[in-house]
Amino acid sequence: MLTAFARAFKTPDLRKKLLFTLGIIVIYRVGTHIPIPGVDYGNVQTCIDNANANQGIFGLVNMFSGGALLQITVFALGIMPYITASIILQLLTVVIPRLEALKKEGQSGTAKITQYTRYLTVALAVLQGTGLVATARTGALFQGCPVATQIVPDRSVFVTITMVITMTAGTAFVMWLGELITDRGIGNGMSILMFISIAATFPSALWAIKQQGSLAGGWIEFGVVIAVGLFMVGLVVFVEQAQRRIPVQYAKRMIGRRSYGGTSTYIPLKVNQAGIIPVIFASSLLYIPALIAQFSGGTSGWKTWIEKNLADPGATPHIILYFFLIIFFAFFYVAISFNPEEVADNMKKYGGFIPGIRAGRPTAEYLGYVLNRITWPGSLYLGLIALVPTVALAGFGANQNFPFGGTSILIIVGVGLETVKQIESQLQQRNYEGFLR
């Protein structure tokens, strides 16, 4: 990986792309520290310094925003509205025939879906910004902080609208920065910004582990967590690279005097075909009852049960439900993202077949059978990786938002691997071995 980056900086056009990407990252990180109008920044810092400030149900969103959510800055919402909008549009593509038709139109249809995603992102940013302002005004954003209700001193309608507009504009600006990286930089812009947001929380979280430790001034706990993190990175890299290759043979066809086909290739089916989406779905779904309980008044029995069993990441019902939700969403997302019938029809259309399997419906059934078989270990792997911080690192003060946790480590490793692959592919285009080799 380091060799690829070193070679990229020696290539003039790749160096420009890397420097442009780094410049966008600097702008993004500066925006995560600019507070929005109407917020008492001193009271915010007082609540953040509270020991329980980062343990709320907003921890996952705060991680995706690089710590900007709890500081209520211009980029407080980060790229979460865009991620949510993209997931919603991807799910609606299976349900709405119009979106499915646009997806099949190629570049023009993809551009139209991207435009719909932008509109939905702005709408979700307005909705989430309003919810964040309302949460900050009631003091629910920082439970247990004595000055939590004084974060927004002026509660007039004008100030509230100004705060919502500012955060919405910040989300639109972040979306534009991500598209700039995609067009003129290296890698997928939104993925790069997500990578930076999560990586920005590493130093503070690791130092908190060291401060909470008791062995040798916390350095032993710090070293153990680093070792476990490196082991998890290696495991994730190993599984993310694993794939089942289905051989495909294309029959030779004679059109005029030219011969077409007669080649062999394969269909790569990854073990983790669903990626990080099941973990995000399961986390979001588990936050809904906790959020409802947090905003409801009184001390009813159902509220107490939710706070004890679902809102607490270390509770046994939370762990079991989280694990099974990840497995369910892994199969669900694979089912809507990979269509064996469509793949089989395309193979049959171009004269392709799997050796030993008849073209058409038997090919679709075989692909579905293989996909279900490899989705089981992939879903179990996602569930185990997501539960490592809760089960194995609880003694070191870790929680579900620990940097080496499932969501963060999967995103960081996935984005890192894809970015390095893009750099290496562009380097190979400029590597000339000579005419005699």
Side-chain angles (χ1 to χ4, degrees), residues 17 20-21 23-25 27-28 31 61 64-66 68 74-129 164-165 167-198 270 273-281 284 329 332-339 342-343 346 410-411 414-419 421-423 425-426:
K17 291 183 178 181
F20 179 81
T21 304
I24 296 296
I25 290 174
I27 295 175
Y28 175 68
V61 183
F64 280 114
S65 65
V74 176
F75 295 164
L77 300 179
I79 58 176
M80 278 301 293
Y82 182 84
I83 296 174
T84 307
S86 301
I87 294 175
I88 291 175
L89 261 297
Q90 192 170 8
L91 295 177
L92 291 180
T93 302
V94 185
V95 180
I96 302 178
R98 170 60 179 167
L99 294 178
E100 186 177 1
L102 287 175
K103 184 179 179 181
K104 295 180 180 179
E105 289 181 2
Q107 187 65 28
S108 60
T110 304
K112 199 67 176 179
I113 294 178
T114 302
Q115 187 177 4
Y116 292 156
T117 304
R118 294 170 183 167
Y119 294 152
L120 184 58
T121 298
V122 174
L124 290 176
V126 173
L127 182 62
Q128 295 180 11
V164 174
I165 292 177
M167 285 188 288
T168 304
T171 299
F173 187 70
V174 169
M175 183 170 54
W176 180 62
L177 293 179
E179 293 179 353
L180 283 179
I181 294 178
T182 303
D183 295 337
R184 303 175 56 184
I186 292 291
N188 182 278
M190 294 302 172
S191 299
I192 294 294
L193 294 181
M194 190 189 308
F195 176 93
I196 296 301
S197 299
I198 296 175
K270 297 179 62 178
Q273 190 79 9
I276 188 62
I277 301 299
V279 179
I280 297 178
F281 277 9
S284 303
F329 282 119
F332 174 76
Y333 188 76
V334 168
I336 66 173
S337 61
F338 187 89
N339 190 351
E342 183 179 355
V343 175
N346 292 332
L410 287 170
I411 292 176
V415 175
L417 289 175
E418 290 299 324
T419 304
K421 286 180 180 179
Q422 289 195 21
I423 293 176
S425 64
Q426 296 190 35

Could I get the full list of side chain to side chain contact (heavy atoms under 4.5 Å, CB included) partners for Asn346, not counting sequence neighbours?
Glu342
Salt bridge (Lys or Arg N to Asp or Glu O under 4.0 Å) partners for Glu100, two or more places apart
Lys104
Listing, residues 179-190 side-chain donor-acceptor contacts under 3.5 Å, not counting sequence neighbours, or none:
residue: Glu179; atom: OE1; partner: Arg118; partner atom: NH2; Å: 3.3
residue: Glu179; atom: OE2; partner: Arg118; partner atom: NE; Å: 2.9
residue: Glu179; atom: OE2; partner: Arg118; partner atom: NH2; Å: 3.1
residue: Thr182; atom: OG1; partner: Gly178; partner atom: O; Å: 3.1
residue: Thr182; atom: OG1; partner: Gly189; partner atom: N; Å: 2.8
residue: Asn188; atom: OD1; partner: Met190; partner atom: N; Å: 3.2
residue: Asn188; atom: OD1; partner: Ser191; partner atom: N; Å: 3.1
residue: Asn188; atom: OD1; partner: Ser191; partner atom: OG; Å: 3.2

What side-chain donor-acceptor pairs closer than 3.5 Å can you find for residues 74-97, not counting sequence neighbours?
residue: Thr84; atom: OG1; partner: Met80; partner atom: O; Å: 2.8
residue: Ser86; atom: OG; partner: Tyr82; partner atom: O; Å: 2.8
residue: Gln90; atom: OE1; partner: Tyr333; partner atom: OH; Å: 2.9
residue: Gln90; atom: NE2; partner: Tyr333; partner atom: OH; Å: 2.7
residue: Thr93; atom: OG1; partner: Leu89; partner atom: O; Å: 2.7

Please name all residues satisfying side chain to side chain contact (heavy atoms under 4.5 Å, CB included) with Gln115, sequence neighbours left out, ordered by chain then number.
Lys112, Tyr119
What's the separation between atom CD1 in Ile25 and atom CG in Leu193, rounded to the nearest 0.5 Å?
7.0 Å
Under the criterion side chain to side chain contact (heavy atoms under 4.5 Å, CB included), I'd like the reasoning laid out for Val174 against Thr171: C-alpha separation, chi angles, the key distance, then a yes or no.
CA-CA 5 Å; Val174 169; Thr171 299; 5.6 Å; no
Take Phe173 and Ile27 through the test side chain to side chain contact (heavy atoms under 4.5 Å, CB included) and record every step on the way to the result.
CA-CA 11 Å; Phe173 187 70; Ile27 295 175; 4.0 Å; yes
Just verifying a value: how many Å separate Ile113 CD1 and Leu120 CG, rounded to the nearest 0.5 Å?
12.5 Å
Phe329: what forms a ring-ring contact (aromatic ring centres under 6.0 Å, His included) with it, not counting sequence neighbours?
Phe281
Let me see the working for Leu102 and Glu105 under side chain to side chain contact (heavy atoms under 4.5 Å, CB included), right down to the final yes or no.
CA-CA 5 Å; Leu102 287 175; Glu105 289 181 2; 3.7 Å; yes
Could you tell me whether the side chain of Leu99 reaches within less than 4.5 Å of the side chain of Tyr116, counting heavy atoms only?
yes
Enter the distance from Lys421:NZ to Ile423:CD1 here, rounded to the nearest 0.5 Å.
13.0 Å
In terms of heavy-atom contacts, Thr117 and Thr121 come closest through O-OG1, 2.7 Å
